[in-house]
**Q** 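Submitted below is the structure of interest, expressed as structure tokens.
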Protein chains: 2
Amino acid sequence: MAHDLRRPERTFTIRQLCVEFKVTPRALRFYEDKGLLAPARDGMNRVYGHRDRARLQLILRGKRVGFSLAEIREILDLYDEKDGGAAQMAKSLKKFKERIVALKAQREDIDGAIKNLEDGVQRLQRQLADIRPDLLPKADAYDTMLRSRLDGAHETGEPARAK
Amino acid sequence: MAHDLRRPERTFTIRQLCVEFKVTPRALRFYEDKGLLAPARDGMNRVYGHRDRARLQLILRGKRVGFSLAEIREILDLYDEKDGGAAQMAKSLKKFKERIVALKAQREDIDGAIKNLEDGVQRLQRQLADIRPDLLPKADAYDTMLRSRLDGAHETGEPARAK
DNA sequence: CCTCCCGCTTACGTCAACGTCAACAAAAGT
DNA sequence: ACTTTTGTTGACGTTGACGTAAGCGGGAGG
């Protein structure tokens, strides 16, 4: 492996991706087995390119939003299905739209869940304030006010989450 | 026992809840087994009250937003933990806040996924318009424009979804 | 040369969340 | 009185998404 390390020709070993995305090699091989990834090979060894890396990102986010690997595979297939006929495209289009509807519904669920939990937080904070104000996690009085209308959406890098 | 069947004392059989929420009896018993539900008994038979029903709603939404049954159980426990001491409450408070953060992150994921899919839809629609405009799922040209800024959030009843 | 460590493959194990099936009781319809 | 429906408790099967262990090859370092 000694010939070039220019700009966008960067490639990744399995371990690099594993570290970056906090997954095990086993998982990546599993995804490959299931047809979600198809890295090049250097002899026996897998060589992941920027494309594979991008797909992996999609896979992981797909998982986070609740898609099964099979569903993710479908979506990925639809994406790089250069053609396959107009009929296929129409079917893909329909499926995409269905996914979008489902995701929007899920977003509603999440917003609802957030509200519930925030109510719980309010309750607990009030009770704690009565009984043991010293245990309150610092300034929150008007901080909470702000967040309730301004919300907080920014970056986290994109690391792991649930499970 | 026979003494009162006034207003909010409505109870439900297992099947009623199953029909209403589109789950199987097996699932409800399973949730009970896992400590998420604890309906009263009339002899052998389970009798669900409004409280159980509310919990079930939370369970199902919890599932939809990606919580495991164990996590849901934890949350539920936190909710009806009448007390347990101030220290416990502080811990609960922390956990609630963590959940909220996680859910907001997940909403970001979902918004991202939606955007991706909408891009895919655009792509497909343009290509289809070129090749086979007749296969386009009806009027969409300015309909899409509208939805892209106005979004669509209303009711669906609350029925089943994923998997 | 020997030993690590990374990587590969194949195969079996596991965990969650139920589904399915058996075997039975009690209530409800005909 | 008989059958159907609805309910109960086990116990075992299933699916998805990996984890874990076994066994082997190859390069780097002591």
**Q** What's the NZ-P distance between A:Lys22 and D:dC18, to the nearest Å?
**A**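 My rounded result for the distance is 16 Å.
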
**Q** To the nearest Å, give me how far apart CG (A:Asn45) and C1' (D:dG26) are.
**A**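 For the pair A:Asn45 CG and D:dG26 C1', the rounded distance is 9 Å.
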
**Q** Report the residue (A:Val47 or B:Phe30) whose heavy-atom-nearest nucleotide on DNA chain C is the more 5′ of the two.
**A** A:Val47

**Q** Without decimals, in angstroms, what is the distance between B:Asp33 CG and D:dG10 P?
**A** 9 Å

**Q** Counting only N and O atoms by type, is there a donor-acceptor contact under 3.5 Å from the side chain of A:Asp52 to the main-chain atoms of A:Gly49?
**A**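 A pair under 3.5 Å: yes.
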
**Q** Quickly work out the A:Met44 CE to C:dT10 C1' distance and round it to whole Å.
**A**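 The answer, rounded to whole Å, is 13 Å.
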
**Q** Among C:dC8, D:dG7, D:dG16, which is the nearest nucleotide to the side chain of A:Ser68?
**A**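 Of C:dC8, D:dG7, D:dG16, D:dG16 is nearest to the side chain of A:Ser68.
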
**Q** So, is A:Tyr31 near the phosphate of D:dA17, with a side-chain N or O under 4.0 Å from OP1 or OP2?
**A** no

**Q** Using whole Å, report how far CZ of B:Arg46 lies from P of D:dG7.
**A**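 Whole-Å distance recorded here is 10 Å.
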
**Q** Within the distance-only criterion (no hydrogens, no angle test), does the side chain of A:Gln16 pair as donor or acceptor with the backbone N or O of A:Thr13 below 3.5 angstrom?
**A** yes

**Q** Which whole-number value in Å describes the distance from A:Arg73 CZ to D:dG16 P?
**A** 13 Å

**Q** Are any of B:Lys63's side-chain N or O atoms less than 4.0 Å away from OP1 or OP2 of C:dC18?
**A**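 Yes.
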
**Q** Calculate the interatomic distance between A:Lys34 atom NZ and D:dC18 atom P; express it in whole Å.
**A** 10 Å

**Q** Could you tell me the separation between the CD atom of A:Glu32 and the P atom of D:dA17, rounded to a whole number of Å?
**A**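 Whole-Å distance recorded here is 17 Å.
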
**Q** Under a 4.0 Å threshold between the charged nitrogen and the carboxylate oxygen, would B:Asp33 count as salt-bridged to B:Arg29?
**A**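 Answer for the salt bridge query: no.
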
**Q** I'd like to know if B:Phe21 and B:Leu76 are part of one continuous hydrophobic network [Ile/Leu/Val/Met/Phe/Trp/Tyr, side-chain heavy atoms within less than 4.5 Å].
**A**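 B:Leu76 and B:Phe21: one cluster.
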
**Q** Do A:Lys115 and A:Asp119 sit within salt-bridge range, that is, some charged N less than 4.0 Å from a carboxylate O?
**A**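 Salt bridge: no.
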
**Q** Say whether, by atom type as modelled, one donor and one acceptor occur between the side chain of B:Glu32 and the main chain of B:Pro39 under 3.5 angstrom.
**A** no

**Q** Which is true for B:Arg29 with a 4.0 Å heavy-atom rule: it touches a base, it touches only sugar-phosphate, or it touches nothing?
**A** base

**Q** Report, as a single string ordered 5' to 3', how protein heavy atoms within less than 4.0 Å touch nucleotides 19-30 of chain C: B base, S sugar-phosphate only, - not at all.
**A** BB----------

**Q** Could you check whether A:Arg99 pairs with A:Glu74 (Lys NZ or Arg NE/NH1/NH2 to Asp/Glu carboxylate O, under 4.0 Å)?
**A**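 Yes, A:Arg99 and A:Glu74 are salt-bridged.
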
